[in-house]
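Each remark here refers to the structure printed beneath this line.
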Amino acid sequence: MGYTVRQARTADVPGIRALIDANVSSGRLLGKATVTLYEDIQEFWVAVRDDDGLIAGCGALHVLWEDLAEIRTIAVRDDCQGHGLGRQLAQALLARAREVGVQRVFVLTFEVRFFTSLGFTEIFGTPVAPDVYSELLRSYDEGVAEFLGLDWVKPNTLGNTRMLLHLR
């Protein structure tokens, strides 16, 4: 069975929505409003099953700052796991990060072993300069708050590991 990894389109939102919904109750992903998925569609990549067009996986790259982005919302359908789709999606997102000039990629995850295999390492504190930190505080994005380790997002992120990859 073949799969194609490509940038998402608006028609993919229902499939992305289903992947997110399937992972919310376990705590692996935070819920997202459908309107947010449409607003952020340009950040998403999907793994599509070649024979029937099923959205088998998704992931997004969200730029946080000049040299920093976050990989978020990586999910693969349970019945499509074991085909390397998570890795293919992550690699596509890292390639996109390089294309836009990002030098560091952040992730907040329960899948430490997976991201370690991609070269990510656990971080403590916030690895940005104080002036960047103060600018990031102005963001309304929850991912930025997670990166900064702000108290108001901690109930949603308990048990997650903050990891960072320096791109070459």
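Counting begins at 1 with the first residue of the sequence. On a predicted model such as this, the values are computed, not experimentally measured, just so you know.
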Show, in sequence, the C-alpha distance, side-chain angles and deciding distance for R104 and D67, and conclude whether the side-chain contact (heavy atoms from CB on, under 4.5 Å) test is met. CA-CA 6 Å; R104 299 178 300 157; D67 66 339; 3.5 Å; yes
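- Under the 4.5 Å side-chain heavy-atom criterion for grouping Ile, Leu, Val, Met, Phe, Trp and Tyr, I20 is not connected to I71 through any hydrophobic cluster.
- Checked for salt-bridge contact, D52 and R49 meet the test: a charged N lies under 4.0 Å from a carboxylate O.
- Side-chain atoms of W45 and L93, non-hydrogen and from C-beta on, do get closer than 4.5 Å to each other.
- Shown here is R98, whose CZ atom has more than 12 heavy atoms of other residues, nucleotides or ligands within 6.0 Å.
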Where do V76 and L19 land on the side-chain contact (heavy atoms from CB on, under 4.5 Å) test, with the steps shown first? CA-CA 7 Å; V76 175; L19 284 165; 5.9 Å; no
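- Using a 4.5 Å heavy-atom cutoff, the side chains of Y38 and T10 are in contact.
- Side-chain contact check for H62 and E70: no donor-acceptor pair (N or O, by modelled atom type) lies under 3.5 Å.
- Looking at Q103, its side chain never comes within 3.5 Å of a backbone N or O of H166 through a donor-acceptor pair.
- No chain of hydrophobic side-chain contacts below 4.5 Å, direct or via other Ile, Leu, Val, Met, Phe, Trp or Tyr residues, connects L85 to I55.
- In E99, the CD atom is crowded: over 12 heavy atoms of neighbouring residues, nucleotides or ligands sit closer than 6.0 Å.
- Linking Ile, Leu, Val, Met, Phe, Trp and Tyr whenever their side-chain heavy atoms come within less than 4.5 Å leaves I41 and I74 in two separate clusters.
- Evaluated for a side chain to side chain contact (heavy atoms under 4.5 Å, CB included) with F44, the options D12, L89, T73 yield exactly one hit, T73.
- Taken from CG in L118 to CZ in R87, the straight-line distance is 4.5 Å, to the nearest 0.5 Å.
- Taking each heavy atom of V102 and A69 in turn, the nearest pair found is CG1-N, 3.6 Å.
- Here the CG atom belonging to L61 is positioned 9.0 Å from the CZ atom belonging to R72, to the nearest 0.5 angstrom.
- Looking at heavy atoms from C-beta onward, Y3 lies in side-chain contact with H83 at the 4.5 angstrom threshold.
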Worked verdict on T161 versus F110 for side-chain contact (heavy atoms from CB on, under 4.5 Å): CA-CA 6 Å; T161 300; F110 290 109; over 6 Å; no
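- For the atom pair CG of D79 and CZ of R77, the computed distance is 4.0 Å after rounding to the nearest 0.5 Å.
- In this structure the side chain of V46 reaches within 4.5 angstrom of the side chain of R6, judged on heavy atoms.
- The line from CG of L30 to CG of N23 is 11.0 Å long, rounded to the nearest 0.5 Å.
- Between the CD1 atom in I123 and the CG atom in L108 there is a gap of 9.5 Å [rounded to 0.5 Å].
- Remark: side-chain polar atoms of T36 are not paired, donor with acceptor, to backbone N or O of K32 under 3.5 angstrom.
- Within the 4.5 Å cutoff, the side chain of L54 has heavy atoms near those of the C80 side chain.
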Please step through side chain to side chain donor-acceptor pair (under 3.5 Å) for the pair R28 and T109, ending with a clear verdict. CA-CA 8 Å; R28 288 183 290 204; T109 186; over 6 Å; no
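- When hydrophobic clusters are built by joining Ile, Leu, Val, Met, Phe, Trp and Tyr residues whose side-chain heavy atoms come closer than 4.5 Å, directly or via intermediates, F106 is not grouped with L29.
- Tracing side-chain contacts under 4.5 Å through hydrophobic residues (I, L, V, M, F, W, Y), one reaches V105 starting from F115; they form part of the same cluster.
- One finds the OG1 atom of T116 at 10.5 Å from the CG atom of L165 (value rounded to the nearest 0.5 Å).
- Using a 4.5 Å heavy-atom cutoff, the side chains of L164 and L68 are in contact.
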Determine, stepwise, if the pair R162 / F124 fulfils side-chain contact (heavy atoms from CB on, under 4.5 Å). CA-CA 7 Å; R162 299 167 73 239; F124 302 93; 5.7 Å; no
